[in-house]
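Naming convention: chains lettered A, B, ... in sequence-line order (proteins, then strands); numbering from 1 in each chain. The structure presented is a predicted model; accordingly, all values stated were derived computationally and were not measured.
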Number of protein chains: 2
Amino acid sequence: MGDSDAARRRPGLPASAAVTMTTVGRMAGVSQVTVSRALSDPSKVSPETLARIHEAIRATGYVPNALAGALASRRSNLIAALVPSFTNIVYSSLLHGFSEIMRENGYQIMLSETGHDPEREQALVEALLSRRPDGVLLTGVHHAPGTRRMLIGSGIPVVEIWDISETPIDCCVGFSHAATGQAAAEFAVKAGYRRAATVTAGDARAIRRRDSFVQTFHRMTGAEVPAVDFQPGTATLEQGRAALVDLLDRQGFMAGVVFCSSDQFAHGLLTEAAARGLRVPDQIAVIGFGDQDFAAHTHPALTTIRVDRAVLGEAAAGALLSRFAEHTPGPSVVDVGFQLIQRGSA
Amino acid sequence: MGDSDAARRRPGLPASAAVTMTTVGRMAGVSQVTVSRALSDPSKVSPETLARIHEAIRATGYVPNALAGALASRRSNLIAALVPSFTNIVYSSLLHGFSEIMRENGYQIMLSETGHDPEREQALVEALLSRRPDGVLLTGVHHAPGTRRMLIGSGIPVVEIWDISETPIDCCVGFSHAATGQAAAEFAVKAGYRRAATVTAGDARAIRRRDSFVQTFHRMTGAEVPAVDFQPGTATLEQGRAALVDLLDRQGFMAGVVFCSSDQFAHGLLTEAAARGLRVPDQIAVIGFGDQDFAAHTHPALTTIRVDRAVLGEAAAGALLSRFAEHTPGPSVVDVGFQLIQRGSA
DNA sequence: CTCCGTCATGTATGCGCATACATCAGTTCA
DNA sequence: TGAACTGATGTATGCGCATACATGACGGAG
């Protein structure tokens, strides 16, 4: 490590080593404010001065202090983003598109995991607000009361994603989970299935999909729909296998379609079916959710529900950016929709 | 949105609406510095004063401004973290443990993706340094020259993960990729395989694993080792299937073991083998890398190389924290090792 | 009683930058 | 030829907080 400038990092000592705009300006023979202008709007500085300033920046190794800039300008160019989990590909693929666009516009992302816990989400929001983010991204539309209050009180633009609501904190970009469940049930009935089951990770949105599926399927066929439920969190192939074991061996389920809250579950069902030599979809049919990268390439390929996560992430970024622009706040609720992709598994 | 305090967010206007420590202090009948003390070290303030201050905070809805605090104290409590990809579970699971520990110690993570591109990594480091992070997490030990220079010059603690090096920028926590390739080859030879192939995503570390595997296998058996290579990036099941198609149908490979740079690839090979009715491991054997959550539950279960990513992430956090403490910088190179897990696929 | 240490609090200052406003030379046009 | 304007730069100020240092009240030791 460079100890030469340790003083810069040692609180309380004079920051003699710190290179600031004043240092650069002195070397270039101009004042601090001219350096500031050279960096933020070069057209306001004469070409010769600009050249001297850049030379001084190079010579000193000057690095702007965005903290000071943010304090003075009241714009931090930081975005706080909260997702249930980093390791769930559904959220991380969304963040990919989101953060890319925000970064291109000069924003940095502060990312945290809520673990599907509203109280933890609230604690994180409280901590993050002290960093004065210019915008906040939240996953889902149901939050602790304090979360909502703090965010509204802060006056900071907020975008809620992965769900839609009539009463967003500020705006939301997502799709109707109930509609996906209904679409899956209608598809299953139309395809001739008269028995169905569900495998669900217990987060609020997955439960909404399941309930809508069950209700629709029951209404259309009169059938009861057995269920296997897991705790909220990342769904695994292992759980999917266990779920099929449970359905077949304990609940006596057979010759029907299983609606899963995640492609991982669905993949697990396919794997267990293969291990047992069951024919898919004849002896067991599977519908996944997410259209993850493997879904088209399982054996047989997975019938699933696709949500364009890249588009969703980008739309969320766009919603925030339009709010920063202040003129055209854009719509408050964006429904990006979904597609049921029929492949071989159902 | 709350427009009531829009002034706070509008640069150039007087920030009349902003609630600061001075506001709180005025209401509680004390000075700003007493409020500061009440929040940072309550024992320095009398209990009655403390109570009045907390009441004032509650009444005003005061939210500390960490930007101002960071500027004054020269400690931002921010960590810049760079990973190749959010969507690659290998990195995101690592971040999970890392960010959890950092958060518990009061640090926020600023996360960015490099996309396996050193130039992009350098641009991100440059942008991130302006936020004055207290620490930096980098993935891998090979960086653009400018990246190294900037980081050393900054004097900020840096931890490089997922690899080890004799000459870290500051410190590194990882394992030897060459050793994993060698271990896989030795295992394969010992298990009786005399033919081998590789399927690799072309990032620097995966290539190192592959090269070491090929070299060791060739040295021990004299066999040539055909290869399928992909671009760096997230490995997919689809690519794994395609790789087996290529090996079998184009390269005439058969009855041997395939060393994959990722469990996703390996899963793809298993899937393609199942679709073709090939017996695993007799007709085709597969070794993965990563021991991802599905690895133990594929059919057959995957023989793979496990790296404890949670431990790695936590060790990286520990390395940074010990550097912040200044007294005991801790070791510069931590090798967390790996395990070859034998299951059914090889 | 006086001296000194301790506790609770206050005053002064500056972190590094962006913004508003001022200055001053060199135009341009009536 | 002088008023108005433009371009390039400077001065003054404060964002909200943490830190160093100062103050005053109090209490026990000498």
Side-chain angles (χ1 to χ4, degrees), chain A residues 5 7-26 28-53 57 60 62-77 106 129-132 134, chain B residues 5 7-26 28-53 57 60 62-77 129-132:
Chain A
D5 55 347
R8 185 194 304 175
R9 304 191 35 72
R10 197 110 49 233
L13 296 192
S16 49
V19 177
T20 71
M21 284 188 175
T22 308
T23 322
V24 171
R26 193 153 40 218
V30 296
S31 71
Q32 172 260 318
V33 68
T34 303
V35 178
S36 173
R37 273 193 282 254
L39 293 177
S40 62
D41 185 357
S43 74
K44 289 185 171 178
V45 176
S46 74
E48 309 84 59
T49 307
L50 206 54
R52 271 182 292 129
I53 288 174
I57 287 176
T60 55
Y62 169 71
V63 177
N65 186 326
L67 255 33
L71 183 61
S73 69
R74 297 147 173 285
R75 293 187 307 102
S76 66
N77 285 44
L129 283 181
S130 75
R131 309 255 177 203
R132 296 294 189 270
D134 290 341
Chain B
D5 54 347
R8 186 195 301 175
R9 303 193 35 72
R10 201 125 24 246
L13 296 192
S16 48
V19 177
T20 71
M21 285 188 174
T22 308
T23 323
V24 172
R26 193 155 38 220
V30 296
S31 70
Q32 172 259 319
V33 67
T34 303
V35 178
S36 173
R37 272 193 282 257
L39 293 177
S40 62
D41 186 358
S43 74
K44 288 186 171 177
V45 176
S46 74
E48 310 83 59
T49 307
L50 206 53
R52 270 182 294 128
I53 288 174
I57 287 176
T60 56
Y62 170 71
V63 176
N65 186 326
L67 255 32
L71 183 61
S73 69
R74 295 148 173 286
R75 292 188 308 101
S76 65
N77 285 38
L129 283 181
S130 74
R131 310 258 178 201
R132 296 293 187 271

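- Considering CD1 of B:Ile57 and CE of B:Met21, their distance stands at 8.0 Å, rounded to 0.5 Å.
- Across the protein-nucleic acid pair, A:Arg131 atom CZ and D:dC17 atom P stand 14 Å apart, rounded to whole Å.
- Set against C:dG10, D:dT19, C:dT19, the side chain of B:Val30 has C:dG10 as its closest nucleotide.
- The phosphate of C:dA18 (OP1 or OP2) has a side-chain N or O of A:Ser36 nearer than 4.0 angstrom.
- Base engagement by B:Ser31 is indicated by at least one non-hydrogen atom pair under 4.0 Å involving a base atom.
- Here the straight-line distance linking atom OG1 of A:Thr20 with atom CG of A:Asn65 works out to 9.5 Å at 0.5 Å rounding.
- Which of C:dG16, D:dA8, C:dT19 sits closest to the side chain of A:Ser46 comes down to D:dA8.
- Taking only distance into account, the side chain of B:Arg37 meets the base of C:dG10 through a donor-acceptor pair shorter than 3.5 Å.
- Here the nucleotide nearest the side chain of B:Thr49, chosen from D:dG14, C:dT9, C:dC15, is C:dT9.
- In this structure, A:Thr34 reaches the D:dG10 phosphate: one of its side-chain N or O atoms is under 4.0 Å from OP1 or OP2.
- Nearest heavy-atom pair across A:Arg132 and B:Val63 is NH2-O, 2.9 Å.
- Between A:Leu71 atom CG and C:dT19 atom C1' the separation is 13 Å, expressed in whole Å.
- Here the CD1 atom belonging to B:Ile53 is positioned 9.5 Å from the CZ atom belonging to B:Arg37, to the nearest 0.5 angstrom.
- When rounded to the nearest whole Å, the span between CG of A:Leu39 and C1' of C:dT19 equals 16 Å.
- A distance of 11.0 Å separates CG in A:Leu71 from OG in A:Ser76, rounded to the nearest 0.5 Å.
- Comparing atom distances between the A:Ala72 side chain and each of C:dG16, D:dT11, C:dT9 picks out C:dG16 as nearest.
- Look at CG on B:Asn65: it is 13 Å from C1' on C:dC15, rounded to the nearest Å.
- Across the protein-nucleic acid pair, A:Gln32 atom CD and C:dA18 atom C1' stand 8 Å apart, rounded to whole Å.
- Look at CE on A:Met21: it is 15 Å from C1' on D:dG10, rounded to the nearest Å.
- Comparing the local axis fitted to the first five base pairs of the helix from C:dC1-D:dG30 to C:dA30-D:dT1 with the one fitted to its last five gives a bend of 40°, rounded to 10°.
- Atom OG of B:Ser46 is separated from atom CZ of B:Arg52 by 7.0 Å, given to the nearest 0.5 angstrom.
- Panel note: side chain A:Arg131, backbone B:Ala66; no donor-acceptor pair is recorded below 3.5 Å.
- Atom pair A:Asp41:CG and C:dC17:C1' shows a separation of 16 Å (rounding to whole Å applied).
- Proximity of B:Arg74 to the phosphate of C:dG16: a side-chain N or O atom is located under 4.0 Å from OP1 or OP2.
- When the side-chain nitrogen and oxygen atoms of B:Thr20 are compared with OP1 and OP2 of D:dC15, none of them lie within a distance under 4.0 Å.
- The side chain of B:Val33 sits closest to D:dT19 out of D:dC17, C:dT9, D:dT19.
- Contact annotation: the side chain of A:Val35 never approaches that of A:Gln32 to less than 4.5 Å [non-hydrogen atoms, C-beta and beyond].
- Between A:Ile53 atom CD1 and C:dC17 atom P the separation is 13 Å, expressed in whole Å.
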